[in-house]
Amino acid sequence: MVPEDCLFTKEHEWVYREGDVAVIGISEYASTELGDIVYIELPEAGAAVQQMDPIGTIEAVKTVAELFSPVSGEVIEINQAIVDHPEIVNRDPHDEGWFIKVRMSDSSELDVLFSHDEYQEYLGEQEDD
Amino acid sequence: MSATIFEKGMNGRSGSYLPPNDCPVGDLDLAAPRRGEIGLPRIGEQDLIRHYVELAGKNYHIDKGMYPLGSCTMKYNPVINEELARLPGFAGLHPAQDEADVQGALELMHRLERDLCEITGMSAFSLQPVAGAHGELTGMMIARDWFRRRAEKRTTVLVPDSAHGTNPASVAICGFTPKTIPSNDRGLIDPGALAAACGDDTAVLMLTLPNTLGLFERGIERIVEIVHGAGALVYMDGANMNALLGIVRPGAIGIDIMHVNLHKTFATPHGGGGPGSGPVGVREHLAGLLPVPRVVESGGRYSLSDDRPETIGPVHSWYGNFNVLVKAYAYIRSLGGEGLREAAENAIINANYLMKLVSERYEIAYPGPCMHEFVASGSGLKRFGVRTTDVAKRLLDYGLHAPTVYFPLIVEEALMIEPVETEKKETLDHFAGALSAIAREAQEDPDLLHKAPVTTPVRRLDEASAARSPQLCWPGGCREP
Amino acid sequence: MSYVQNTDADRLAMLERIGAASFEDLLEPVPPAVRAGAPLDLGDPMSESETAAHLRALSARNIPAGEMASFLGGGIYDRFIPATVRYVLSRSEFYTSYTPYQAEVSQGTLQAIYEYQTMIARLTAMDAANASMYDGATALAEAMLMAVQVKRIPRVVVPAALCPRYRAVLCGYAAGKGIEIEEVPWGEDGAIDPGALAAALREKAAAVVLAQPNYLGMIEDAPAVSEAARSAGSLLVVLADPVSLALLSPPGEYGADIVVGEGQSLGLAQSFGGPLLGFMATREAYIRKCPGRLISATTDLDGRRGYTMTLQTREQHIRREKATSNICTNEGLMALAATVYLASLGEDGLREVAVQSASKARTLYRMLAPLGSVTLPFGEGFFQEFVMNVSDPAGFAAAARARGVLAGIPIGDGFPALGAGAMLVAVTEKRSLADLELLRDIAAGTGGAR
């Protein structure tokens with residue numbers, strides 16, 4: 001799930017499309033900004049999610065961020081490994097550190113997300129602020 | 001590294017502190033008795049004292065050096081006040097004793113309430129809240145019940161973005177919804193933005209004055225007018241009251257509810273995280289809502305009264321942190337009105353002076369005169385790969401305590417510095433000198449900062465592992481070293 | 001007395017450096033209209049000797065319970081406090097330090113709290129304890145909020161035999177979130193009526209509160225209450241007397257989910273009711289829902305053991321309105337007092353405190369039982385405190401007071417069902433057999449007619 005093949009949200013989630021399934025994680029930028037991730041709360045498999053709903057929590061030592069679902073649909077799998085070992089996300093946010101898989105109910109929702117290049121541009125603007 | 005008391009408690013030599021039991025225990029037949037040991041130490045007194053003295057040696061404290069934590073007002077804690085609070089006539093009182101036997105205690109509380117009214121311009125005070133956040137919560141309960149009694153449904157509390165985290169948390173416990181008011185480019189509440197945010201649904205504006213940037217809200221008159229115009233109340237977090245003693249009386253400028261922190265402004269010690277005391281004051285129209293019991297005086301006799309039909313009820317098991325009240329009262333008597341004003345003036349001069357010195361090496365977030373504290377930024381050191389936390393840790397190597405860091409959140413790489421009035425000029429020079437030297441080190445040898453501290457009892461701690469798998473209790477037995 | 005050390009010359013030099021002509025220049029941001037018009041009317045400053053004399057005079061107008069034969073309890077007890085506790089508390093390395101935000105220079109405070117957490121967890125037989133709460137009443141209120149947060153049911157069941165002030169504080173905390181509090185009456189034995197508890201639990205509740213012993217001093221059938229809570233799907237919140245835990249089965253062993261209590265008994269002066277020490281312990285599963293600070297052991301860069309505040313994302317300074325609580329300043333120094341107290345007395349000493357308190361309370365109870373002037377509504381199933389009824393509690397208290405005895409707390413107002421003459425009598429290890437005999441003689445002498 002190399003970053004170049006992913007789509008991104010303003011809240012720094014990435015999405016990798018596998019047919020009608022969206023694999024979701026957080027960007028390298030987000031994992032670096034958070035610092036050492038110590039605790040992750042994810043929705044349960046089977047949960048229905050709406051695009052940009054807060055569906056989980058990512059805690060670092062002195063900060064906490066919400067996980068937003070980039071797409072609507074049903075959670076079909078969660079990555080238990082990152083719940084047990086949150087440091088995986090810091091180490092490998094784009095591969096081993098994926099969060100959840102969602103079966104999309106409307107794949108056209110992907111159209112509003114950033115491409116990799118657009119996301120890089122967005123990050124550049126954030127830095128300038 | 002010190003072993004825990006449990007590891008040291010292996011000699012089975014507990015002291016004997018009680019006389020022999022002169023009553024029979026033979027048939028003490030308790031349902032469901034405890035089986036097995038608790039796991040408390042058995043340690044001789046000398047080793048016990050050595051253990052806690054060893055731990056004491058690992059603490060930074062005001063009696064050791066300057067403690068420039070912003071918004072914490074770490075001033076000198078007069079030792080006489082400790083002595084007075086320990087008098088058996090104060091420390092030995094049971095709260096349910098007959099009023100006739102506690103007249104001195106009740107008089108002290110009554111006098112302290114009146115002193116706080118004089119200092120703040122509020123009409124009435126309750127001494128019951130035992131911490132700043134507890135005072136905030138009490139204040140929000142008062143606001144909640146005030147609107148409930150008037151059958152007004154107001155659910156929003158406006159909180160500036162520079163507020164302490166306790167403010168929104170206290171608001172939420174009371175069932176209100178906090179709404180953030182952004183600061184303007186001068187670090188102040190923008191009256192226009194406030195007016196736009198204030199409406200029929202607004203219950204309270206909760207502001208800190210001076211705010212956490214150390215700035216006085218220049219538009220305070222207009223701010224109060226806007227909030228009152230919307231039918232809402234103004235709550236003042238008085239954590240920074242040290243800047244206003246004898247200078248501004250919040251009750252006189254329309255503040256409806258406020259708390260003060262006796263453990264900040266009135267020189268009572270922080271105890272490594274408490275006990276504090278956060279009395280709440282209100283203006284006349286809200287006086288009936290204060291927590292019960294109230295201390296009342298009649299013909300020179302003092303008593304406690306629960307007879308307040310509008311009260312929010314008690315917020316503490318008894319009357320608050322009485323022992324802290326004794327110290328604050330002694331402090332106010334020692335300083336008098338004149339001394340309190342002198343304290344505020346020196347706190348302000350010290351802060352402005354230190355800001356001037358620090359500004360040579362660090363960016364000041366909001367230039368211009370500050371009140372009792374100011375916020376500098378370590379962002380200029382980022383180009384050397386140095387963060388504010390590194391500066392803070394390096395200060396420890398200089399034998400100093402760090403300022404409050406990364407707060408307020410609206411300043412990048414914030415260093416929030418409050419020198420307080422009891423520090424003298426030379427101490428401030430020394431502190432500023434250390435900060436300058438560290439800025440130089442950041443440029444010349446940033447690794448020195450990354451590795452800091454190296455002279456402290458332990459070095460930087462692995463907080464991530466602690467948060468991933470916290471070890472909150474000593475797992476071993478009392479006899480295994 | 002001034003504690004300012006700057007001289008006039010210092011101030012002039014500082015103002016010059018600032019670039020201000022006078023102090024007034026620095027007040028430029030404060031609009032003239034909001035400045036105080038007159039100096040504070042607080043009297044002249046006092047010298048240290050004057051302040052001391054004034055405070056000593058106020059103190060002299062009090063007659064401390066600690067110097068009388070006190071049978072006052074109700075949460076605050078006259079216990080023996082080893083000198084070690086006062087000594088450690090008077091070390092300014094502890095009492096003038098701030099919250100341990102810079103862990104590297106706060107290892108003393110941090111390790112002491114870690115030891116405190118360990119002792120509380122062991123006393124209660126729970127997995128973990130926090131670094132302290134304000135007092136028993138607010139600790140119970142926070143436990144209620146925590147249980148409601150875990151269960152997402154805005155209703156709790158509490159015993160009617162609960163300290164009236166605690167009940168009132170609970171109501172204040174409950175009102176904001178619309179939490180309903182239902183009371184369960186006590187039965188003939190002064191303990192929770194099991195039938196009434198079962199009835200109260202027909203409707204879902206986030207938690208059942210068990211006071212052990214309850215406010216009337218009685219020891220509850222904890223396993224039965226626990227089982228009722230468990231089968232109703234409620235959490236069990238136990239409000240425990242910490243000294244009683246040396247003798248009674250600890251809450252962790254009968255299924256408690258959250259244990260709170262008042263820690264004044266653990267080496268704190270009575271101090272007119274404050275500062276107190278709220279303690280809270282819980283199961284591992286709920287640690288992230290717990291309010292207040294938590295200290296964890298960890299290691300430093302060199303691999304040495306050290307201590308740090310942890311799980312801070314629960315707290316107000318990070319999670320703001322979504323925090324588990326608004327608590328910030330707690331009762332850290334009082335937790336240190338409890339730690340030194342428990343370490344001084346140790347395993348055997350704490351047990352002895354509990355045994356002496358309970359056995360002396362029983363001795364007094366049996367001395368009073370035959371008297372015609374006193375009624376004892378409940379049996380001997382108490383820990384160290386029991387209810388007695390006299391015909392004229394005010395007269396009885398006054399007669400006792402005249403002989404240097406504080407006879408008990410009148411509780412008839414708060415509990416009309418007990419009768420107007422109800423008093424709560426507490427007996428600690430500090431009472432001697434002679435004290436008990438004195439109270440008996442006073443009771444026998446003043447009674448007569450019921």
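Here is the naming used below: chain letters follow the sequence lines, and residue numbers restart at 1 for every chain.
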**Student:** For the side chain of B/Asp462 and the backbone of C/Asp300, is there at least one donor-acceptor N/O pair under 3.5 Å apart?
**Tutor:** no
**Student:** Parallel, tilted or perpendicular for B/Tyr76 and C/Tyr3, by the 30°/60° rule?
**Tutor:** tilted
**Student:** Return yes if a side-chain donor-acceptor contact under 3.5 Å exists between B/Asn59 and C/Arg91, otherwise no.
**Tutor:** no
**Student:** Give a yes or no answer on whether the side chain of C/Asn6 reaches the backbone of B/Lys425 with a donor-acceptor pair at less than 3.5 Å.
**Tutor:** yes
**Student:** So, the side chain of C/Gln316 versus the backbone of B/Ala169: is there a donor-acceptor pair under 3.5 Å, distance only?
**Tutor:** no
**Student:** Taking the side chain from B/Tyr67 and the backbone from C/Tyr98, do they hold a donor-acceptor pair closer than 3.5 Å?
**Tutor:** yes
**Student:** Report which part of B/Pro453 has an atom under 4.5 Å of a heavy atom belonging to chain C: side chain, backbone, both, or neither.
**Tutor:** side chain
**Student:** Can C/Arg122 be said to sit on top of B/Phe6's aromatic six-ring, NZ or CZ under 6.0 Å from centre and within 45° of the ring axis?
**Tutor:** yes
**Student:** If you measure only the distance, is there a donor-acceptor pair under 3.5 Å linking the side chains of B/Glu342 and C/Ser2?
**Tutor:** yes
**Student:** Between C/Leu406 and chain B, with a heavy-atom cut-off of 4.5 Å, which part of the residue counts as in contact: side chain, backbone, both or neither?
**Tutor:** side chain
**Student:** State, to 0.1 Å, how close B/Gly276 and C/Thr329 come at their nearest heavy-atom pair, and which atoms those are.
**Tutor:** N-CG2, 3.8 Å
**Student:** Please find the pair of heavy atoms, one from B/Trp474 and one from C/Thr118, that lie closest to each other, and give the distance.
**Tutor:** N-OG1, 2.9 Å
**Student:** Distance check, rounded to the nearest 0.5 Å: B/Cys473 atom SG versus C/Gln117 atom CD?
**Tutor:** 6.5 Å
**Student:** Write down the atom of C/Arg11, the atom of B/Ile349, and the distance for their closest heavy-atom approach.
**Tutor:** CD-CD1, 3.7 Å
**Student:** Do the rings of B/Tyr329 and C/His54 sit parallel, tilted or perpendicular, given the 30° and 60° boundaries?
**Tutor:** tilted
**Student:** For chain C, which of B/Arg333, B/His401, B/Lys451 has the most heavy-atom pairs under 4.5 Å?
**Tutor:** B/Arg333
**Student:** With a 4.5 angstrom heavy-atom cut-off, could you sort out which part of C/Tyr173 is near chain B: side chain, backbone, both or neither?
**Tutor:** both
**Student:** Quick check: closest heavy atoms across C/Leu433 and B/Asp22, and the distance to 0.1 Å?
**Tutor:** N-OD2, 2.9 Å
**Student:** In terms of side-chain geometry, is the basic nitrogen of C/Asp348 or B/Arg42 positioned less than 4.0 Å from the acidic oxygen of its partner?
**Tutor:** yes
**Student:** Closest heavy-atom contact between C/Ala343 and B/Ile43?
**Tutor:** O-CG2, 3.7 Å
**Student:** So that I can tick it off, tell me whether C/Arg56 and B/Glu83 are bridged by a salt bridge, with the cut-off set at under 4.0 angstrom between side-chain N and carboxylate O.
**Tutor:** yes
**Student:** Taking all non-hydrogen atoms of both residues into account, name the closest pair between B/Pro95 and C/Ile76 and its distance.
**Tutor:** CG-CG1, 3.8 Å
**Student:** Can a donor-acceptor pair be found between the side chains of C/Glu429 and B/Tyr17 at a distance below 3.5 Å?
**Tutor:** no
**Student:** Which answer fits C/Ile287, side chain, backbone, both or neither, if we ask what part of it has an atom under 4.5 Å from a heavy atom of chain B?
**Tutor:** side chain
**Student:** Tell me whether the centres of the aromatic rings in B/Phe90 and C/Phe272 are closer together than 6.0 Å.
**Tutor:** no
**Student:** Side chains of B/Ser465 and C/Thr298: is there a donor and an acceptor less than 3.5 Å apart?
**Tutor:** no
**Student:** Counting N and O atoms only, with roles assigned by atom type, does the side chain of C/Ser296 sit under 3.5 Å from a partner on the main chain of B/Gln471, one being a donor and the other an acceptor?
**Tutor:** yes
